[in-house]
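A short worksheet on the structure shown next.
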Protein chains: 2
Amino acid sequence: MAKLQGKGNCQTCPIRYRSIFADIPEDKLPEVIGDFRTSILTLTHNEVIYSEGDAPTHTYTLRKGLIKLTKSLPDGRIQIVRIIGHGELFGFDGLANENHNHTALALTDIEICKLPMSGLERIRINNPSVDKAMMQGWIQGLRAAENMLLDLGAKKAPERLASFLLKWCKDTEQGQWIDLPLSRTEIAELLGLTVETVSRFLSDWKRKGYIEDTRSTVRLVDSDGLNQVVDGYSK
Amino acid sequence: MAKLQGKGNCQTCPIRYRSIFADIPEDKLPEVIGDFRTSILTLTHNEVIYSEGDAPTHTYTLRKGLIKLTKSLPDGRIQIVRIIGHGELFGFDGLANENHNHTALALTDIEICKLPMSGLERIRINNPSVDKAMMQGWIQGLRAAENMLLDLGAKKAPERLASFLLKWCKDTEQGQWIDLPLSRTEIAELLGLTVETVSRFLSDWKRKGYIEDTRSTVRLVDSDGLNQVVDGYSK
DNA sequence: CGCGACTTTGAGCATATTCAATAAATGTGG
DNA sequence: CCACATTTATTGAATATGCTCAAAGTCGCG
């Protein structure tokens with residue numbers, strides 16, 4: 001189902017301002033890019049971009065939608081290790097001469113840009129602004145992973161779920177409806193819980209008037225309630 | 001107690017071969033380093049190198065011993081998010097213009113090299129081999145974090161502990177005594193468990209003859225036993 | 001309208017925690 | 001070098017948190 005949409009065109013790319021080429025002035029772009037050729041792919045929910053253990057050939061930038069990076073155990077248990085958004089670079093294990101350490105799947109319908117590894121490395125080495133953007137991406141990725149490790153290792157179920165909701169809705173004004181394109185199962189896989197546990201706490205908070213939701217959106221009605229769950233809860 | 005041991009000397013540094021300067025030929029080193037001035041510090045168990053939230057001034061390389069990077073919750077719960085070994089670079093959040101996202105503490109007696117951030121950035125930008133080593137360090141850090149997320153999110157207590165032991169002893173030949181300079185409490189903080197749980201399983205495995213240990217060393221007598229705990233356990 | 005997938009809810013259970021007490025190891029000062 | 005104080009580790013019993021299994025309810029889509 002993964003569908004090739006044709007060659008990418010960095011110059012007209014709608015998410016360039018969020019990509020690793022963000023700081024290249026438009027008129028300098030052709031010279032930076034050179035004969036670097038990307039391609040655009042579209043995929044739908046749960047389609048695989050690459051799998052854990054695969055030998056990398058490309059690195060990717062997400063143009064539209066959301067991606068989940070997952071790891072799994074032999075018996076099928078799954079952990080989502082990161083969610084990739086708009087403009088983010090992923091699938092770069094090859095730059096350290098390693099196979100992919102996780103599987104990448106479409107969380108929603110997505111559009112991705114495939115960047116050939118060798119060309120990308122050439123561009124990075126010759127362009128400080130690209131280099132800097134990539135470095136910052138890796139450091140931010142590490143920071144996010146550290147935060148998630150704190151959640152999974154030290155927080156209890158309701159604390160994890162509440163801080164997840166608050167983080168998800170962080171950049172939006174209070175009381176707005178917000179897309180949450182993760183199923184209950186996916187939320188559980190992200191937070192190291194079971195579907196049932198996720199469902200129970202969400203229902204509880206709906207009854208208490210902290211949140212409202214439809215199948216794929218949420219709204220924080222009383223984020224103070226959730227904040228209390230996050231820190232006061234432990235006492 | 002943090003004690004300044006004097007200026008660092010990259011040329012004679014015993015761990016240079018493991019550092020980000022590993023690939024610089026010895027005779028090129030002075031020109032690469034220029035007037036970059038490092039300093040060497042020694043610290044003892046549980047002394048703090050920097051704290052979560054601090055504004056970074058330096059980046060560090062570990063010369064001797066082990067370091068733990070931790071995060072904690074308001075009520076005091078602690079999570080170790082990474083253990084730093086020999087030659088590894090840490091404390092680089094400043095390169096992404098961020099404050100430190102975790103606290104760094106000595107796990108054993110340690111010796112660290114303090115690298116001024118701006119000088120390091122200059123060297124990285126001008127030296128492909130330094131740049132590459134740093135990039136690979138970040139990518140490897142991300143991979144390690146992903147693996148740890150799988151452990152914390154998807155594995156049960158005995159599985160976590162068994163895979164921790166196996167990983168710790170991985171590079172050593174079967175049956176060797178191996179330093180394990182983490183207290184039970186620290187193992188618990190790393191694996192998202194309580195001291196009691198850690199102690200219980202270790203005792204159990206000692207009785208079963210899988211492992212032997214002294215206060216700060218272990219020996220895998222029957223690593224097959226542990227391997228069974230890791231994957232067979234779940235069935 | 002009916003089927004299939006996802007979600008909610010309930011009841012019982014297992015795992016890991018908490019609290020408490022004992023034991024072992026380590027360090028300190030005399 | 002020993003006695004004592006302090007920290008660290010072990011073990012036990014009771015509890016709670018989150019999981020498993022099962023059933024009913026919702027939603028979306030053809």
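What you see below is based on every heavy atom in this structure, not just the backbone, and it leaves out hydrogens, waters and symmetry mates. Predicted, not measured: the structure shown is a model, and the values here were computed from it. A, B, ... follow the sequence lines: proteins, then strands. Residue 1 opens every chain.
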Practice problem: Could you encode protein contacts along nucleotides 2-12 of chain D as a string, one character per nucleotide from 5' to 3', using B for base contact, S for sugar-phosphate-only contact and - for no contact, with a heavy-atom cut-off of under 4.0 Å? | Solution: ------SSBBB
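When the C1' atom of D:dT17 is taken as reference, atom CG of A:L161 falls 15 Å away, rounded to whole Å. Separating the CG atom of A:L180 from the C1' atom of C:dT7 is a distance of 14 Å, rounded to the nearest angstrom. Atom CD1 in A:I211 sits about 13 Å away from atom C1' in C:dT8, given to the nearest Å.
Under the 30°/60° scheme for interplanar angles, the aromatic rings of B:Y50 and B:H102 are found to be tilted.
Taking the C1' atoms of five terminal pairs at each end of the helix from C:dC1-D:dG30 to C:dG30-D:dC1, the two resulting helix axes are inclined by 40°, rounded to 10°.
The side chain of B:K156 approaches C:dA16 more closely than any other nucleotide in the set D:dC19, C:dA16, C:dT17.
With B:I49 as the fixed residue, the side-chain contact (heavy atoms from CB on, under 4.5 Å) test singles out one of B:I67, B:L41, B:I84: B:I67.
For residues 170-195 of chain B, no residue pair satisfies the ring pair (Phe, Tyr, Trp, His ring centres under 6.0 Å) rule, not counting sequence neighbours.
Taking the ring pair (Phe, Tyr, Trp, His ring centres under 6.0 Å) definition, one finds that A:F90 meets it with A:Y60, sequence neighbours left out. Looking at residues two or more places apart in sequence or on another chain, you find no salt bridge (charged side-chain N to carboxylate O under 4.0 Å, His left out) involving A:R200. Remark: B:K114 engages no residue in a side-chain hydrogen bond (donor to acceptor under 3.5 Å, both in side chains) (not counting sequence neighbours).
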